[in-house]
Amino acid sequence: MRVLITGARGQLGRALVDLGRGQGWQLWAYDLPEFDLTDVGAVQEAVRTAQPEVIFNAAAFTAVDRAEEEPEAAFAVNARAVATLASVADEVGALLVHLSTDYVFDGQNSRPYREDDPPNPLSVYGRSKLEGEKAAARASKHLIVRTSWLFGRGWNFVEAIRKQLLGGARQLRVVADQFGRPTYAEDLAEALVRLVNAGAYGLFHVANTGETNWAGFAREIAAQLGFSVPVVDISTEEAGRPAPRPRYSVLDTAKFDSLGQPLPPWQEALARYLRATSR
Ligand SMILES: NC(=O)c1ccc[n+]([C@@H]2O[C@H](COP(=O)([O-])OP(=O)(O)OC[C@H]3O[C@@H](n4cnc5c(N)ncnc54)[C@H](OP(=O)(O)O)[C@@H]3O)[C@@H](O)[C@H]2O)c1
């Protein structure tokens, strides 16, 4: 299969590149600095040269707090560049696989969010990703996958907790009033390939099984790393982050799960991640 991957050095991008090499794909893998998704000419040239059957857009402006200060930059990558990709995907007849986020929801639900629940993003990042979904949906062949709380090779929540623990922290103070589904980039990559191979189109929610809050996630990370450091629950207000975040953004993955089997529980995925990244 001829495959083009953007954001190839990001958490998901790396997992996709590894998976693709194992599956014998003909790969065109791009990322900053040599490839800028916001450069229309560069994107058109890359896609026209590769003539891919599938484009995985794993590139994004993912700095949720920084996006509040830099809305232009967030919209350029997360929305406008996706419109370019969608139009050039159509030109070469490629399937566009685009990633989105649980942060398109406002978190007011009391049950997991389905694909047809109305989005209402709270943050610049969430709004830019929702615009990106709309742009991707203009490609004749598109697959839009919302995921949540991603960890993979790169910088992520697990690494932030690990750093504090290895730095000798006596306690951790972590937000306990935001709920979601942690997801391992490798499991997500496999799920994307499963969807592509199944000929799926449209919008899907994909995440590892189970839900928690950030403090619960931190406790599991500490336990699996063998630390008995107490994790103190704090509120979103106490954390004082610049970007508003949904209180409850658990994704309902029933549509994806019905195609085969659900992704493994997040605790088991975390154990695999920690084994793969242990120093
Ligand atoms: N991380 C999460 O918790 C999370 C949750 C839900 C959904 N998602 C979505 O899942 C997808 C993958 O996320 P991820 O965590 O793998 O992201 P990531 O690790 O931040 O990787 C994104 C990659 O895109 C690159 N990139 C940024 N701007 C670019 C540009 N203008 N041109 C080309 N490449 C550019 C980044 O390069 P630099 O590092 O040099 O900027 C980075 O290598 C994204 O669509 C994200 O919105 C992520």
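Just follow the structure's listing: the first ligand is 1, and inside any ligand the first atom is 1.
Atom 13 (O) of ligand 1 is flagged as protein-proximal [any protein heavy atom, distance under 4.0 Å].
Applying the 4.0 Å criterion to heavy atoms of Trp149 picks out, from ligand 1, the atoms 3 (O), 5 (C). Close approach of ligand 1 to Arg9 (heavy-atom distance below 4.0 Å) involves ligand atoms 43 (O). Proximity to Lys129 (heavy-atom distance under 4.0 Å) selects the following atoms of ligand 1: 44 (C), 45 (O), 46 (C), 47 (O). Taking a cut-off of under 4.0 Å to the non-hydrogen atoms of Tyr125, the atoms of ligand 1 that pass are 8 (N), 46 (C), 47 (O). Interface of Ala59 with ligand 1, defined as ligand atoms under 4.0 Å from a residue heavy atom, comprises 24 (O), 34 (N), 35 (C). The Leu37 neighbourhood of ligand 1 comprises atoms 30 (C), 31 (N), 32 (N), 33 (C), with distances under 4.0 Å to a heavy atom of that residue. Listed by atom number, the atoms of ligand 1 under 4.0 Å from Val77 heavy atoms are 28 (N), 31 (N). Applying the 4.0 Å criterion to heavy atoms of Phe35 picks out, from ligand 1, the atoms 32 (N), 33 (C).
Exactly one residue among Val43, Ile5, Leu4 makes a side chain to side chain contact (heavy atoms under 4.5 Å, CB included) with Tyr30. That residue is Leu4.
Between Arg241 and Glu68 no salt bridge is recorded (no basic side-chain N to carboxylate O distance below 4.0 Å). Using a 4.0 Å cut-off between a side-chain N of Lys or Arg and a carboxylate O of Asp or Glu, Glu45 and Arg48 do not qualify as a salt bridge. In this structure, Arg66 does not pair ionically with Glu69, as no charged nitrogen and carboxylate oxygen lie closer than 4.0 Å. Here Arg245 pairs with Asp65 in a salt bridge; the nearest charged N to carboxylate O distance falls below 4.0 Å. For Asp117 and Arg111, the salt-bridge test passes: some basic side-chain N is under 4.0 Å from an acidic carboxylate O. The pair Lys163-Glu159 does not count as a salt bridge, with every side-chain nitrogen at least 4.0 angstrom from each carboxylate oxygen. Look at Arg219 and Asp233 and you find a salt bridge, because one of the NZ, NE, NH1 or NH2 atoms lies within 4.0 Å of a carboxylate O, short of that distance. Salt-bridge annotation for Asp252 and Arg114: absent, with no side-chain N of the basic residue lying under 4.0 Å from a carboxylate O of the acidic one.
Counting heavy atoms under 4.0 Å from ligand 1, residue Pro33 does not touch it at all. Residue contacts with ligand 1 for Phe61 are absent, since no atom lies close enough (heavy atoms, distance under 4.0 Å).
Counting heavy atoms from C-beta on, the side chains of Gln51 and Arg2 come closer than 4.5 Å. Annotation: side chain of Arg80 is not in contact with side chain of Thr84 (no heavy-atom distance under 4.5 Å). Two residues are said to be in side-chain contact when any heavy atoms from C-beta on lie closer than 4.5 Å; Leu188 and Val145 meet this criterion.
At least one N or O atom of Asp36, backbone or side chain, sits closer than 3.5 Å to an N or O atom of ligand 1. In terms of N/O distances under 3.5 Å, ligand 1 is not approached by Asp102. Taking any N or O of Leu150, backbone or side chain, at least one lies under 3.5 Å from an N or O belonging to ligand 1. The shortest N or O to N or O distance between Thr62 and ligand 1 is under 3.5 Å.
Ring geometry for Phe151 versus Tyr184: interplanar angle under 30°, hence parallel rather than tilted (30 to 60°). In this structure, Trp149 and Trp214 have parallel ring planes: the angle between them is below the 30° cut-off, well short of the 60° mark.
Scanning all protein heavy atoms for the shortest distance to atom 44 (C) of ligand 1 gives Ala60 CB, 3.5 Å. For atom 43 (O) of ligand 1, the closest non-hydrogen atom of the protein is Asp31 OD2, 2.6 Å. Nearest protein heavy-atom neighbour of atom 19 (O) of ligand 1: Gln11 N, 2.9 Å. Scanning all protein heavy atoms for the shortest distance to atom 23 (C) of ligand 1 gives Gly7 CA, 3.8 Å. The single protein non-hydrogen atom nearest to atom 40 (O) of ligand 1 is Leu32 CD1, 3.9 Å, given as residue, atom name and distance. At the shortest separation from atom 6 (C) of ligand 1 among protein heavy atoms lies Thr147 O, 3.2 Å. Considering only non-hydrogen protein atoms, atom 10 (O) of ligand 1 sits nearest to Leu99 CB, 3.8 Å. When only non-hydrogen protein atoms are considered, atom 7 (C) of ligand 1 lies nearest to Ser100 O, 3.3 Å.
Not a single heavy atom of Thr6 sits closer than 4.0 Å to an atom of ligand 1. Ligand 1 has no atom lying under 4.0 Å from any heavy atom of Gly152. A heavy-atom separation below 4.0 Å is found between Ala58 and ligand 1. The closest approach between any non-hydrogen atom of Phe157 and ligand 1 is not below 4.0 Å.
Other residues, nucleotides and ligands place more than 12 heavy atoms under 6.0 Å from the CD atom of Gln171.
With ring centers used as reference points, Trp28 lies 6.0 Å or more from Phe35.
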